[in-house]
Amino acid sequence: MTDVAELWSYLSATPLIWLTTTTLAYLVADGLARRLGNPPWANPVLLSVLLIAPVLWLTNTDYPTYFEGAQFIHFLLGPATVALALPLWENRETIRTSVAPIVLALIAGSLVAAGSAILLARAFSLPMEVLLSLAPKSTTAPVALGISEAIGGLPALTAVLVILTGIIGAVTVTPVMNLLRITDWRARGFAVGVAAHGIGTARAFQVNPVAGAYAGIAMALNALLTSLIVPVLVRWLV
């Protein structure tokens, strides 16, 4: 038993163990979601969190230690953000012919997502750092972290809130859209892209390719607009 404990102590201190754990957890979660038929509640990111959290708790591993090992995945968020230009370019003709509804939906969605978060945080008298961390929750993680740091929030807390927002959006988007009887795949995709960034976009692609394309467009445009309006909203509403 002592040898096993010593071996684990050695392995847990190396970056490879947590990178491997994260990768394997996602592969298992994605495989399980596919086997179940990709229902809304079986989101691979949510399942990955449920798999990794008990491991961190059982091994008494703190977040800095885990992040030290899994930071390569975090590094990949940078190239992924740059890649947001791809759906914009591939769908440039669609955007050109639908500029007015896209712009109106984008402005409404971005303002509501950030503004409602700030107002609710104020209503519940949350600490200022929490409020500032919450404001950019509906945009993609690399952009949200940059906004949070720039306005005085806590990037680590913002990362958690961004993931929770994406998971909730991905799980609820299909039932909510069905309940509201919204059948236009463009509208469904754009809505989830604005509200639930990359995780919601991944779900949209699972449901319908048109919805996925519009979700990608919305996610990219929302990242740009949110970075501009959140500092203004914070000054105005706070």
Side-chain angles (χ1 to χ4, degrees), residues 18-57 63 66-67 70-74 76-77 79-81 83-84 86-87 109 112-113 116-117 133-134 136-145 156-180 182-183 185-220 222-223 226:
W18 296 117
L19 176 61
T20 303
T21 300
T22 303
T23 304
L24 289 177
Y26 185 82
L27 291 175
V28 171
D30 185 57
L32 179 59
R34 291 175 184 272
R35 184 175 291 274
L36 293 172
N38 290 317
W41 56 267
N43 183 270
V45 177
L46 174 60
L47 296 178
S48 298
V49 172
L50 295 178
L51 289 172
I52 295 175
V55 176
L56 297 178
W57 180 71
Y63 178 76
Y66 169 75
F67 184 76
Q71 63 180 323
F72 178 70
I73 296 175
H74 178 76
L76 293 177
L77 290 174
T81 303
L84 292 176
L86 185 59
V112 169
S116 61
S133 303
L134 185 62
K137 64 176 177 55
S138 289
T139 191
T140 187
V143 176
L145 296 180
L157 177 58
T158 299
V160 174
L161 295 170
V162 168
I163 293 173
L164 287 175
T165 299
I167 291 174
I168 293 171
V171 170
T172 61
V173 60
T174 298
V176 169
M177 291 296 177
N178 290 340
L179 182 64
L180 296 175
I182 297 175
T183 58
W185 291 114
R186 297 171 299 176
R188 292 172 69 124
F190 199 89
V192 72
V194 170
H197 51 81
I199 299 176
T201 298
R203 174 60 188 170
F205 270 111
Q206 289 180 339
V207 176
N208 182 274
V210 174
Y214 271 81
I217 294 171
M219 178 177 64
N222 186 51
T226 300

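What's counted below: heavy atoms across the whole structure, side chains too, no hydrogens, waters or symmetry copies.
To the nearest 0.5 angstrom, Ile167 atom CD1 is 5.0 Å from Leu46 atom CG. Taking CG of Leu161 as the reference point, atom CD1 of Ile168 lies at 9.5 Å (rounded to 0.5 Å). For the atom pair Thr226 OG1 and Lys137 NZ, the distance stands at 9.5 Å (nearest 0.5 Å). Ile199 CD1 to Leu164 CG: the interatomic distance, rounded to the nearest 0.5 Å, is 9.0 Å. Summarising the geometry, atom CG belonging to Asn222 is positioned 10.0 Å from atom CE belonging to Met219; distances are rounded to the nearest 0.5 Å. Between atom CG of residue Leu56 and atom CG of residue Leu51 there is a gap of 11.0 Å, rounded to the nearest 0.5 Å.
Of all heavy-atom pairs between Tyr26 and Ser48, the closest is CA-OG, 3.3 Å. Between Gly212 and Thr201 the shortest heavy-atom distance is O-CG2, 4.0 Å. Closest approach of Pro44 and Asp30 over heavy atoms only: CG-OD1, 3.9 Å. In plain terms, the two heavy atoms of Val192 and Ala215 that are nearest each other are CG1-CB, 4.0 Å. Here the closest non-hydrogen pair linking Leu36 and Ala42 is CD1-CB, 4.1 Å. Counting all heavy atoms, side chain and backbone alike, Val210 lies closest to Arg186 at CG1-CG, 3.9 Å.
No side-chain heavy atom of Asn43 sits under 4.5 Å from any side-chain heavy atom of Leu47. With contacts defined as side-chain heavy-atom distances shorter than 4.5 Å, the pair Tyr66/Ile52 qualifies. Using a 4.5 Å heavy-atom cutoff, the side chains of Trp41 and Thr172 are not in contact. In this structure, Arg203 and Val173 have side chains that are in contact, with non-hydrogen atoms separated by less than 4.5 Å. Side-chain atoms of Arg188 and Thr174, non-hydrogen and from C-beta on, do get closer than 4.5 Å to each other.
Judged by distance alone, with hydrogens and angles left aside, the side-chain atoms of His197 form a donor-acceptor pair with the main-chain N or O of Val162 at under 3.5 Å.
When Pro142, Pro136, Ser138 are each tested for a side chain to side chain contact (heavy atoms under 4.5 Å, CB included) with Thr140, only one passes: Pro142.
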